[in-house]
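Here is the structure we will look at, set down as structure tokens.
A note on names: the letters A, B, ... follow the listed sequences, proteins ahead of strands, and every chain is numbered from 1. Everything numeric here is computed off the predicted structure, so don't read it as measured data.
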Protein chains: 2
Amino acid sequence: MLADDHRLLLEGLAQAISGIPDLEVVGTAEDGDELIQLVELTQPDVMLVDVEMPNTSGIAALGQLTDGPPAIMVTMHADAEHRAKAEAVGAVGFLSKSTPLPVLAAAIRAVAAGESLMGDDLEQVLDSHREPVLTPGAASLTPREKELLATLASGISSTDDLANELFISQKTVKNHLASIYEKLGITDRAQAAVEAIRLGLHRPSPEPDRSDS
Amino acid sequence: MLADDHRLLLEGLAQAISGIPDLEVVGTAEDGDELIQLVELTQPDVMLVDVEMPNTSGIAALGQLTDGPPAIMVTMHADAEHRAKAEAVGAVGFLSKSTPLPVLAAAIRAVAAGESLMGDDLEQVLDSHREPVLTPGAASLTPREKELLATLASGISSTDDLANELFISQKTVKNHLASIYEKLGITDRAQAAVEAIRLGLHRPSPEPDRSDS
DNA sequence: TTGACCATGGGCCTATCGACCTATTTGCCG
DNA sequence: CGGCAAATAGGTCGATAGGCCCATGGTCAA
């Protein structure tokens with residue numbers, strides 16, 4: 001659930017977060033009052049709340065939502081004073097609007113998992129939630145399968161073209177596709193294309209170089 | 001080209017604008033200096049510039065980019081004073097960050113078309129650019145064809161399922177698909193799914209109630 | 001009224017796809 | 001070293017999709 005009175009930020013962020021495979025925006029509010037209403041209605045897992053908002057501010061709204069979902073406060077002025085106020089009304093996170101999007105995503109995952117972002121170990125907490133929690137099926141996709149999906153999502157769909165693009169035989173393309181279908185619970189390449197895009201598997205190659213553990 | 005020091009807004013907005021079929025983000029800058037560099041490098045059609053930015057502010061940057069592309073200034077404080085400053089440095093638009101995204105989109109289209117948003121007829125100018133400039137092929141899609149594409153993009157791909165979903169015969173589904181293929185220059189439903197998503201044809205039904213001319 | 005376009009439906013035929021099975025090589029992990 | 005998963009490749013076969021042609025009723029504008 002997002003709350004911010006600046007609609008460009010609100011709608012932009014909503015769009016951006018929706019594009020992250022394991023995150024979902026269930027509602028947006030333009031002020032504290034709307035936030036309170038929507039939270040009671042939709043019961044989100046996490047709230048992202050701007051500190052400054054007309055009518056009922058983010059701080060004030062959180063004060064009224066004492067038993068609501070965990071909230072991350074977002075602000076332009078990330079000073080100690082605001083931070084203290086946010087903490088006082090029960091916010092479990094406090095981020096500047098200058099935060100990069102992937103960090104925000106990590107913060108949302110962390111808070112959704114019940115962790116707090118108010119401690120000294122912020123870096124470690126965020127780090128441990130850096131990667132998206134992929135759906136059971138998608139997590140088991142092999143690198144080559146992801147590559148094939150990415151290619152498919154770029155509009156190359158025939159067995160022949162895929163084979164040429166990936167420098168493998170048509171047979172192998174069909175084999176990979178069959179594995180993908182099974183893992184994702186789908187049956188054809190149209191659905192595969194949809195899933196590929198939904199999972200953010202299009203464009204280059206997500207290679208999270210994992211050297212240790 | 002977008003410039004704003006608040007990365008949540010910057011990246012969120014970039015994502016959101018990229019999602020609009022006829023708009024493209026060619027770069028983002030976090031301050032005026034970066035903006036100046038990037039504009040010279042990528043020569044965008046339109047700049048969206050935050051008034052307040054560290055180092056070189058939006059106002060200052062525009063002052064240096066006198067012969068650059070048309071710029072829309074965006075700010076949290078949409079007061080007359082800031083507006084005057086924006087106009088003084090050659091901005092052709094001045095919008096609050098509380099502007100809804102579709103209005104921003106219209107503003108970008110208008111400015112890209114060479115119009116100014118500084119006049120009294122702001123409403124009319126925006127209105128005339130409310131709808132996306134679709135690609136030649138996509139523009140000629142019939143409502144039913146768009147509906148089919150949307151359904152396809154939702155993961156319903158087999159002729160049979162599509163027929164049931166749309167309450168028509170399998171034959172008609174194939175006929176519609178054939179028309180779509182021809183209009184979009186593609187050959188199968190995997191590509192159709194990709195295009196549908198790319199064109200923003202997924203989710204509800206874009207029904208721009210056009211009563212008068 | 002006539003034509004253009006849309007939505008609907010049909011038939012036919014071939015290319016392609018997806019399901020099922022097997023197999024080899026490579027590299028990693030225990 | 002032995003096993004396992006990934007990537008490669010092959011085969012067969014029935015189901016499905018796509019290409020091409022045609023038809024009808026409805027709407028809307030010329």
Using a strict 4.0 Å threshold on nitrogen-to-oxygen distance, state whether B:R109 and B:E115 make a salt bridge.
no
Can you find a pair of side-chain heavy atoms, one from A:M73 and one from A:L62, that are under 4.5 Å apart?
yes
Side chains of A:S158 and A:D161: is there a donor and an acceptor less than 3.5 Å apart?
yes
In this structure, CG of A:L199 is separated from CG of A:L184 (nearest 0.5 Å) by 6.5 Å
Pair B:T159, B:R189: side-chain N/O donor-acceptor within cut-off below 3.5 Å:
yes
Indicate, with a heavy-atom threshold strictly under 4.0 Å, whether A:S179 touches base, sugar-phosphate, or nothing.
nothing
Does C:dG9 have OP1 or OP2 sitting under 4.0 Å from an N or O in the side chain of B:T172?
yes
Of B:N175 and B:T187, the one whose closest DNA chain D nucleotide lies more 5'
B:T187
Where chain A begins and ends its contact with DNA chain D, read 5' to 3' at 4.0 Å from heavy atoms:
D:dA6 to D:dT12
With DNA chain C as reference, determine whether B:Q170 or B:D188 sits nearer its 5' end, using the nearest nucleotide of each.
B:Q170
Measure CZ/B:R189 against P/C:dT16 and give the value in whole Å, please.
16 Å
Below the 4.0 Å mark, does C:dG9 have OP1 or OP2 next to a side-chain nitrogen or oxygen of B:S169?
yes
Expressed in angstrom and rounded to an integer, what is the separation of A:K171 atom NZ from C:dG18 atom P?
12 Å
Regarding B:K97 and B:D4, does a basic nitrogen lie under 4.0 Å from an acidic carboxylate oxygen?
yes
Round to the nearest Å and state the distance from B:E145 atom CD to C:dC5 atom P.
13 Å
Using whole Å, what does the distance between atom C1' of nucleotide C:dC6 and atom NZ of B:K146 come to?
14 Å
When you check the phosphate oxygens OP1 and OP2 of C:dC6, does a side-chain N or O of B:T142 lie under 4.0 Å from one of them?
no
Calculate the interatomic distance between A:I168 atom CD1 and C:dT26 atom C1'; express it in whole Å.
16 Å
Quick one: pull up CD in A:E11 and CG in A:L2 and give me the separation to the nearest 0.5 Å.
11.0 Å
What does the inter-axis angle of the helix from C:dT1-D:dA30 to C:dG30-D:dC1 come out as, five pairs per end, nearest 10 degrees?
50°
Please give, in whole Å, the distance from C:dA7 C1' to B:L166 CG?
12 Å
Rounding to an integer number of Å, can you tell me how far B:L177 CG sits from C:dA7 P?
13 Å
To the nearest angstrom, the CG-P distance between B:L149 and C:dA7 comes to 12 Å
Quick one: is A:Y181 getting a side-chain N or O under 4.0 Å of the C:dA19 phosphate, OP1 or OP2?
no
Answer yes if the side chains of A:S169 and A:T172 hold a donor-acceptor pair under 3.5 Å, and no otherwise.
yes
Donor-acceptor check, side chain of B:D188 to backbone of B:Q191, threshold 3.5 angstrom: yes or no?
yes
Given side chains that start at C-beta, do those of A:T75 and A:L95 come closer than 4.5 Å, heavy atoms only?
no
